[in-house]
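Step one of this worksheet: look at the structure below.
Just so you know, ligand 1 is whichever comes first in the structure, and atom 1 is the first atom listed for that ligand.
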Amino acid sequence: MPKKTQEPKCNADDPMETLLPLNTKSAASFFQLVFEASPNPYLVLLPDTPKFTIVAVNNSYLAATNTQRADLLGQSLFEVFPDNPKDASATGVSDLHISLERVIQDHVQDVMGVQKYDIPVPGANQFEVKYWSPVNSPVFDQKGELAYIIHRAEDITEFILLRERTSQENNARIEKTLAHAEQMEAEVLKSSRELKEANRQIKAAKEESERREQELAQLNERLQELDRLKTSFFSNISHEFRTPLTLMLGPVEDMLDDPQITPKNREQLEIAYRNTLRLLKLVNNLLDFARIEAGRAQAHYQPTDLRTITQELVSMFSSATRKAGLKLTIDCPPLPEPVYVDHDMWEKIVLNLVSNAFKHTFEGEIAVRLCWKRDHIELTVRDTGIGISKEQLPHLFERFYRVPNAPSRSYEGSGIGLALVNELVKLHGGKIEIHSTLEQGTIFTVSIPAGSAHLPESQVAGHAKPTLPTQDTLSMVDEALYWLPQDTKRTSRNRDENVRWYKPNGQPVQVLLADDNADMRNYVCRLLEPYCDIETASNGEEALNAAIQKPPDLILSDIMMPILDGLGLLRTLRNHESLKTIPIILLSARAGEEARIEGLQAGADDYLVKPFNARELLARVKANLNLELHRARQEAEASKQESEERYKSLFNQAAAGIAQTDLAGKFLLVNQRFCEMVGRSQDELLGIRMQDITHAEDLKENVPAFEQTVMNGISFAIEKRYMRPDGTHIWVRNHVSLVREKEDGIPQAVLAISQDITDRKEAEMALEATQARLRACIHSLLNRLRSSLAWARVTNASSEVVVIS
Ligand code: ADP
């Protein structure tokens, strides 16, 4: 604590005396009082450089420097206030010195900058950190000479420290902010990098998608190109096919017209004719399609009595519908005016729709209606057939589209019919619609505008005579007839007993053939008829029913068939208890190893790819029939083996000993029990003869009896002893008989069934011994009695004689 400086005394009773300097002395004391009480810290120095003697100091200065007036007055300033020796950088003394010198020199006030000027702590060898704001002012005497220097030093330590602290805090805050900023900067950097990466990825994705788009566009172009190529290919190839097919038809037609032709040849030629027509129809359809697509279809629209030609076309199906048990209704009221159509095209429209209805309708009716509707004509073909599901409807008019697994009279088809009809209707400026409900039926509605205003003038022709049905029409109707089931039972007409196949029981081999194509059925039947009886079915279900009624020896089945296909038939048969072993050969138009493997995996015995030739078919059928016989043999063999196993186990587990010997007595077969009885293993016995282990005493009876059996087949029974290796024996009762190859056949072996009778034999022998002992005893008793009687007779002749005999 700084010592309290002595307060200068003043007269409190007379303030005026205190305040006003009445004379010099009192004035001096007044000014001293004021000087010492001044709140600013003052030090008065003599300008006696370099000493700078302290001549006055006020209270405020003393308090600020923690000093006593007595310690300062008369002292050199720098001695009292030296530099802090522990602060090497201290410049307080020199700075103050320079300032004071400046005052002396310049006679002007010198304001110093903030000084760090530590002051000694009284009584301790250390300094207190202090900051000052000093001002040195000259004080002149009356002559204008420099008399004193007033050194005012404001203690601003608090302020400086506060500023330092604040600046430190600020620094810390700034550092923290900077760190935060750095972190933010890093984050911003990271985000920007991420953004950059994302941008890069977006760019790459965009480029990729552009590339894909380009590829797609190229692919699309390529597809269109391929489509064009395909169309042109169809067009060219169809042309190429048409010529040879037409050339084939001519000679076949000529031959068919020949009345000399044999029925067999006629049948074969008809098949060739029908199938050539079918192929021609397909080729024509493809060609039509290709022409339409290429915009080259030339329709000739003629004013037509549409009612008449439609009636005629539809009625061509009446025979087929009648045979199929379907009702065919044709409702065509007279039309008010002729309708502009291309005849051939209209024919194709009507026939395709009616033939489709016939193909997919198994019962009920097909109704065709043609009516006038103010500005257009409407043709509806309605059937009560299988119907088409909603999902399939949008695809029906696509080229080559077929509803998968749809039941139909024939699997045959190419999926081109409806697509062609659609195009033909469009060529007439009309439209086609379809309404269908699964399992209820389908309605196709074709609308064609009336008049000719909508048609290209150049293609509209004048009235034409009604044309005759085209070849395509005839073949379509013909085809429909062929979808109907034919006479299913075929027995061989050209039977040659030498080549026929028979089963081991003498019955002819029965083959069941399932194929929806009538010509294929005929072809296969013709090939197989000489060899076996053959029954046919036009789908899998019919074949299954036929097989259940009369199981065949082999089934030949097409894979693609309506209602139940070949694979379905195969599965059903393989799960059927009594039909599962029937060999099945699948026939398919699908070539390739995969299809073959699929068929075989499904459990087929063999697989034949259409077209196959006669020799191939016969070889496969025969091989599979042999397989069947082989299988029967295998089964018999297996059951024989099974029964042998059964006997073997019975033989081994029998309670009696069983031994079989050859005709000389050598053991061939012995069972477990026999081995136990004679105390020898099977191996030991199989090398020796029955005589070798029979007791010598028993051989006398045993050997002749054995020989009798071998020679005459007479069975015998004997009680005898078998000798064991340990010297003991076993008593057995043997039933011995002869084994022949067959009944009355050559003797093969001798069989002995042995029963252990040792216990009985020993009991018998024990009884015999007892009886013998008893007899001996009685005998000796009788002897003794006789001799006693003889003695009695001699000694007592008069007594009664008792005779014991
Ligand atoms: P294809 O008869 O040669 O298969 P289409 O183009 O004539 O070809 O017919 C396409 C498909 O439409 C057929 O496979 C059949 O499944 C279905 N379809 C056509 N008409 C009918 C119909 N009346 N009832 C049921 N399904 C039909």
Side-chain angles (χ1 to χ4, degrees), residues 234 238 275 277-290 292-293 313-314 317 320-321 324 326-330 345-369 379-426 432-446 472-473 475-483 516-517 539 558 560-565 589:
F234 278 152
S238 303
N275 282 285
L277 274 184
R278 224 181 114 209
L279 210 55
L280 194 62
K281 188 190 103 192
L282 186 66
V283 166
N284 282 341
N285 277 348
L286 282 174
L287 197 61
D288 285 346
F289 217 98
I292 293 170
E293 283 215 328
L313 286 169
V314 177
F317 278 87
T321 45
L326 294 176
K327 189 172 157 202
L328 178 66
T329 341
I330 311 172
M345 291 183 183
W346 183 252
E347 193 175 305
K348 279 179 184 143
I349 294 171
V350 175
L351 290 182
N352 266 300
L353 294 179
V354 178
S355 137
N356 270 349
F358 180 71
K359 196 169 172 185
H360 298 103
T361 306
F362 295 94
E363 53 190 32
E365 103 173 278
I366 296 172
V368 181
R369 185 159 198 269
L379 168 78
T380 44
V381 179
R382 181 174 58 80
D383 66 56
T384 54
I386 57 158
I388 303 159
S389 72
K390 264 203 219 83
E391 301 77 56
Q392 302 290 340
L393 284 179
H395 303 288
L396 277 209
F397 296 113
E398 286 169 17
R399 200 170 14 155
F400 305 123
Y401 188 82
R402 311 191 70 206
V403 177
N405 303 321
S408 63
R409 290 189 184 277
S410 166
Y411 195 82
E412 288 161 9
S414 56
I416 202 168
L418 285 182
L420 182 64
V421 167
N422 188 29
E423 293 300 325
L424 295 176
V425 171
K426 278 201 264 176
I432 179 164
E433 281 171 4
I434 173 169
H435 294 278
S436 189
T437 313
L438 259 188
E439 290 171 20
Q440 287 190 19
T442 306
I443 306 171
F444 283 95
T445 310
V446 174
D472 278 0
T473 316
S475 77
M476 246 169 142
V477 176
D478 227 21
E479 200 174 19
L481 279 168
Y482 258 76
W483 293 335
D516 61 333
N517 181 307
N539 62 55
D558 187 17
M560 308 243 252
M561 287 186 294
I563 305 175
L564 179 64
D565 68 10

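- Here the rule is side-chain contact (heavy atoms from CB on, under 4.5 Å) with Ser436, and of Ile388, Asp383, Ile443, Leu396 only Ile388 fits it.
- Applying the 4.0 Å criterion to heavy atoms of Ile416 picks out, from ligand 1, the atoms 6 (O), 8 (O).
- For a threshold of 3.5 Å applied to N or O pairs, the pair formed by Asn356 and ligand 1 contains at least one separation below that value.
- Between Ile349 and Trp346 the shortest side-chain heavy-atom distance falls below 4.5 Å.
- Residue Ser414 places a heavy atom under 4.0 Å from ligand 1.
- Of all heavy-atom pairs between Gly387 and Leu438, the closest is O-CD2, 3.7 Å.
- Inclusion of Gly415 in the set of residues having an N or O under 3.5 Å from an N or O of ligand 1 is warranted.
- Residue-level proximity to ligand 1 for Arg402 is carried by backbone and side chain together, each with a heavy atom below 4.0 angstrom.
- Each of Val368, Leu379, Val381 was evaluated against Val314; a single residue qualifies, Val368, per the side-chain contact (heavy atoms from CB on, under 4.5 Å) test.
- Remark: minimum distance from atom 12 (O) of ligand 1 to any protein heavy atom is reached at Leu396 CD2, 3.5 Å.
- Looking at Asn285, Asn352, Leu418, Val403 and measuring to atom 5 (P) of ligand 1, the nearest heavy atom belongs to Leu418.
- Residues Phe397 and Ile434 have side chains in contact (heavy-atom distance under 4.5 Å, counting atoms from C-beta outward).
- Listed by number with element, the atoms of ligand 1 under 4.0 angstrom from any heavy atom of Thr442 are 24 (N).
- Checked against salt bridge (charged side-chain N to carboxylate O under 4.0 Å, His left out), Glu433 has the following partners two or more places apart in sequence or in another chain: Lys431.
- For the pair Ile388 and ligand 1, the shortest N or O to N or O distance does not fall below 3.5 Å.
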Name every donor-acceptor pair, under 3.5 Å, that has one atom in a side chain of residues 354-364 and the other anywhere in the protein, sequence neighbours excluded.
unit_1: Lys359; atom_1: NZ; unit_2: Glu412; atom_2: O; d: 2.5
unit_1: His360; atom_1: ND1; unit_2: Asn356; atom_2: O; d: 2.9
unit_1: Thr361; atom_1: OG1; unit_2: Ala357; atom_2: O; d: 2.6

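- Under the 4.5 Å side-chain criterion, counting only non-hydrogen atoms from C-beta, Leu282 is in contact with Ser414.
- Contact atoms of ligand 1 toward Ala357: 23 (N) (distance under 4.0 Å to a heavy atom of the residue).
- Contacts of Asp383 with ligand 1, taken as heavy-atom pairs under 4.0 Å, involve the side chain alone.
- Between Phe400 and Ile416, some side-chain heavy-atom pair lies under the 4.5 Å cut-off.
- Scanning all protein heavy atoms for the shortest distance to atom 11 (C) of ligand 1 gives Tyr401 O, 3.9 Å.
- In this structure, Lys359 is part of the shell of residues with a heavy atom less than 4.0 angstrom from ligand 1.
- At the top of the distance list for atom 21 (C) of ligand 1, counting protein heavy atoms only, stands His360 ND1, 3.5 Å.
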